Trainee: 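Attaching a single structure in structure tokens format; questions to follow.
Letters A, B, ... mirror the listed sequences (proteins, then strands); counts begin at 1. Computed from a prediction, not measured in an experiment: that's the story for all the values here.
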Number of protein chains: 2
Amino acid sequence: MGTRIADRVREQIEQMIVTGEFADGERLDEVKLAEQFGVSRTPLREAFQSLAASGLLTLEARRGAFIRHPDFVELVEMFEVMAELEAMCGFRAARRVTERQMTDIGLTIDACEAAIAAGDSDEYYRENEKFHHLLYEASGNRFLAREAARLHKRLKPYRRMQLRVNGRMPQSMREHRAVFAALERSDSKAAAATLRLHVAIQGERFNDLMASYRQMGARKAG
Amino acid sequence: MGTRIADRVREQIEQMIVTGEFADGERLDEVKLAEQFGVSRTPLREAFQSLAASGLLTLEARRGAFIRHPDFVELVEMFEVMAELEAMCGFRAARRVTERQMTDIGLTIDACEAAIAAGDSDEYYRENEKFHHLLYEASGNRFLAREAARLHKRLKPYRRMQLRVNGRMPQSMREHRAVFAALERSDSKAAAATLRLHVAIQGERFNDLMASYRQMGARKAG
DNA sequence: TTCATTCTTTTTGTATACAAGAGATTTGAC
DNA sequence: GTCAAATCTCTTGTATACAAAAAGAATGAA
């Protein structure tokens, strides 16, 4: 991607979306955004197309571009797929991960724990994200890594809800350690199973998420 | 999708791509395509963005839109992910598939076999595709179904290679029947395992595909 | 010839202009 | 006041015009 305006604009809007800057149902005004970015509508509309194809927004014919947050059912479905993709990555990584990659993964886990201890949740999110991306890479399947990263990005606005719930972060860290241990002993099945549970929404977390979702929905609507 | 030119054009180009109308490395000429479709470059370029985001073509900054067939490694990687998505669909479908869906799936299997008997390979491809799409739907996870369908479409140009090899079609049919049987007895694991093997490229099929790929590459290049 | 350089042409990227549909508003009847 | 129809405004979709970069052709030196 060179210095194309369309690409830059796409990147910026993408960031705005994944950081939850838009409310559910909000329409992205072409002219407003265009002058906000200081560009014409043409590259902006190309960015819209690209974002829509990635699922980050929805284009309705002759109505415009809308942020359509997934409903609760779809959100669970998406996490279900994410869980399976991560499990797949872990399964393959257990056999293929390099020394170097293990070192990097270990570092992110340490950094995550340090962030928790320091109460720095932004730092935690960053390192947590790094952990997962390293895992995708370690799968040794570059296509899989890209697809996992894509869905990961799409779920970004909703992942915070998942982590915010009480006591989730220490549990999450234990799971990271368990994944690391499984990779270390090349235990594909354990790595896959741990990651599947790490990401999936089931049991208590189902209820926690539902509550957060309702809250979020209320806030966004208001 | 209303009556937007961009959408119609996108659809048409997509068809052209998945039916293998373009050679590897081929550049899609904006002005030529525009006048071919009788439209301006604007909707065409929007279609390009959308197609690129779906992975069906590659945009290179200030160079244009190119068809970039995956290299052999990437192709295997993609089928690996496809196998897992189909396994996931089968796993879930075994618990959730409806009577109606089972009937439909059974019909496509019959139609596939009839097509083989009649030597009608186009019909076979159509019904085979229907079989897989029904399976995606039967998973009960609509997001998963969409993602599976997306990758399925992207792999379309290469699936024919896989089926073309000697004796593959009857084997493929046995696998369809095995999937059906597993669904009928709600055997999630069997459904998943059968589908994983059905789609994955391993063992002999690896070599078969590699040979076909080389052939195809040669043909396209020439 | 072969290579590098300059000029020309082609093609992409962006802006703007125009057309047409969706939504809001006004007007009028009851 | 309420509803409906017509009008107006705003927004999207498409075409065209222009700018700039890349590809290609021509020129000239070794």
Side-chain angles (χ1 to χ4, degrees), chain A residues 1-17 21-70 220-222, chain B residues 1-17 21-70 220-222:
Chain A
M1 309 233 184
T3 69
R4 292 171 41 185
I5 291 180
D7 291 340
R8 177 174 59 80
V9 163
R10 193 221 126 102
E11 203 74 26
Q12 296 192 57
I13 297 177
E14 183 172 295
Q15 280 309 309
M16 291 167 79
I17 294 174
E21 202 150 319
F22 300 109
D24 187 25
E26 187 169 345
R27 180 175 132 271
L28 276 60
D29 192 309
E30 285 183 9
V31 293
K32 217 175 76 185
L33 279 173
E35 69 182 37
Q36 183 176 325
F37 289 126
V39 303
S40 79
R41 284 171 55 222
T42 310
L44 202 96
R45 286 175 57 86
E46 291 194 356
F48 279 2
Q49 289 291 337
S50 175
L51 290 164
S54 303
L56 271 73
L57 55 79
T58 302
L59 294 177
E60 298 184 16
R62 290 172 218 288
R63 301 263 342 270
F66 295 86
I67 301 294
R68 292 260 181 263
H69 287 191
K220 293 280 181 179
Chain B
M1 311 222 184
T3 66
R4 290 172 40 184
I5 292 180
D7 292 339
R8 177 174 59 80
V9 163
R10 192 221 128 100
E11 203 74 25
Q12 296 193 56
I13 297 177
E14 182 172 296
Q15 281 308 310
M16 291 167 80
I17 293 173
E21 201 150 320
F22 299 108
D24 188 25
E26 185 169 348
R27 180 176 132 271
L28 276 60
D29 192 311
E30 287 183 7
V31 293
K32 218 175 76 185
L33 279 173
E35 68 183 36
Q36 183 177 324
F37 290 126
V39 303
S40 80
R41 284 171 54 223
T42 310
L44 202 96
R45 285 176 57 87
E46 290 195 357
F48 279 2
Q49 288 291 339
S50 175
L51 290 165
S54 304
L56 272 72
L57 55 80
T58 301
L59 293 178
E60 297 184 16
R62 291 171 218 288
R63 303 262 341 270
F66 295 85
I67 300 294
R68 292 260 182 264
H69 287 191
K220 294 279 182 180

Trainee: Using a cut-off of less than 4.0 Å, is there contact between a side-chain N or O of B:R62 and OP1 or OP2 of C:dT11?
Mentor: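 For C:dT11, OP1/OP2 do not have a side-chain N/O of B:R62 under 4.0 Å.
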Trainee: Between B:T42 and B:D29, who's closer to the 5' end of DNA chain C by nearest nucleotide?
Mentor: B:D29
Trainee: May I ask you to say what A:V39 touches in the nucleic acid, namely base, sugar-phosphate or nothing, with a heavy-atom cut-off under 4.0 Å?
Mentor: sugar-phosphate
Trainee: With respect to the phosphate group of C:dA15, does any side-chain polar atom (N or O) of A:S40 fall under 4.0 Å of OP1 or OP2?
Mentor: yes
Trainee: Between atom CZ in B:F66 and atom P in D:dA23, what is the gap in whole Å?
Mentor: 8 Å
Trainee: Side-chain N or O of B:R4 less than 4.0 angstrom from OP1 or OP2 on D:dG13?
Mentor: yes
Trainee: Going by distance alone, is a donor N or O of one side chain under 3.5 Å from an acceptor N or O of the other, for A:R62 and B:T3?
Mentor: yes
Trainee: Grab the CD1-C1' distance between B:I5 and D:dA15 for me, whole Å please.
Mentor: 9 Å
Trainee: Do the side-chain N or O atoms of B:R41 get closer than 4.0 angstrom to the phosphate oxygens (OP1, OP2) of C:dG13?
Mentor: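 No.
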Trainee: Please report, rounded to the nearest Å, how far the P atom of C:dT14 is from the CD atom of B:Q49.
Mentor: 9 Å
Trainee: Rounded to whole angstrom units, what separation is found between the CD atom of A:E46 and the C1' atom of D:dG13?
Mentor: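 It works out to 14 Å between those atoms.
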Trainee: Run through B:M16, B:E26, B:Q15 and flag the one making a side-chain contact (heavy atoms from CB on, under 4.5 Å) with B:E21.
Mentor: B:M16
Trainee: CD of A:E35 versus P of D:dC10: gap in Å, rounded?
Mentor: 14 Å
Trainee: Nearest to the side chain of B:R63, which nucleotide is it out of C:dT12, C:dA15, D:dA23?
Mentor: D:dA23
Trainee: Report the nucleotide, chosen from C:dT12, D:dT12, C:dA15, that has the shortest atom-to-atom distance to any side-chain atom of B:E30.
Mentor: C:dT12
Trainee: Just to verify, what does A:E60 make a salt bridge (Lys or Arg N to Asp or Glu O under 4.0 Å) with, not counting sequence neighbours?
Mentor: A:R63, A:R68
Trainee: Report the distance from atom CZ of A:F48 to atom C1' of D:dT11, rounded to the nearest whole Å.
Mentor: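 One finds 12 Å between C1' of D:dT11 and CZ of A:F48, rounded.
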Trainee: Please give, in whole Å, the distance from C:dT14 C1' to A:L44 CG?
Mentor: 12 Å
Trainee: Quick one: do A:K32 and A:D29 make a salt bridge, cutoff under 4.0 Å?
Mentor: no
Trainee: Check B:I67, B:I17, B:I13 against B:L56 for a side-chain contact (heavy atoms from CB on, under 4.5 Å) and give me the one that passes.
Mentor: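 Per the side-chain contact (heavy atoms from CB on, under 4.5 Å) rule, the option paired with B:L56 is B:I17, out of B:I67, B:I17, B:I13.
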Trainee: In whole Å, what is the span from the CZ atom of B:R27 to the P atom of C:dT10?
Mentor: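 Distance, rounded to whole Å: 12 Å.
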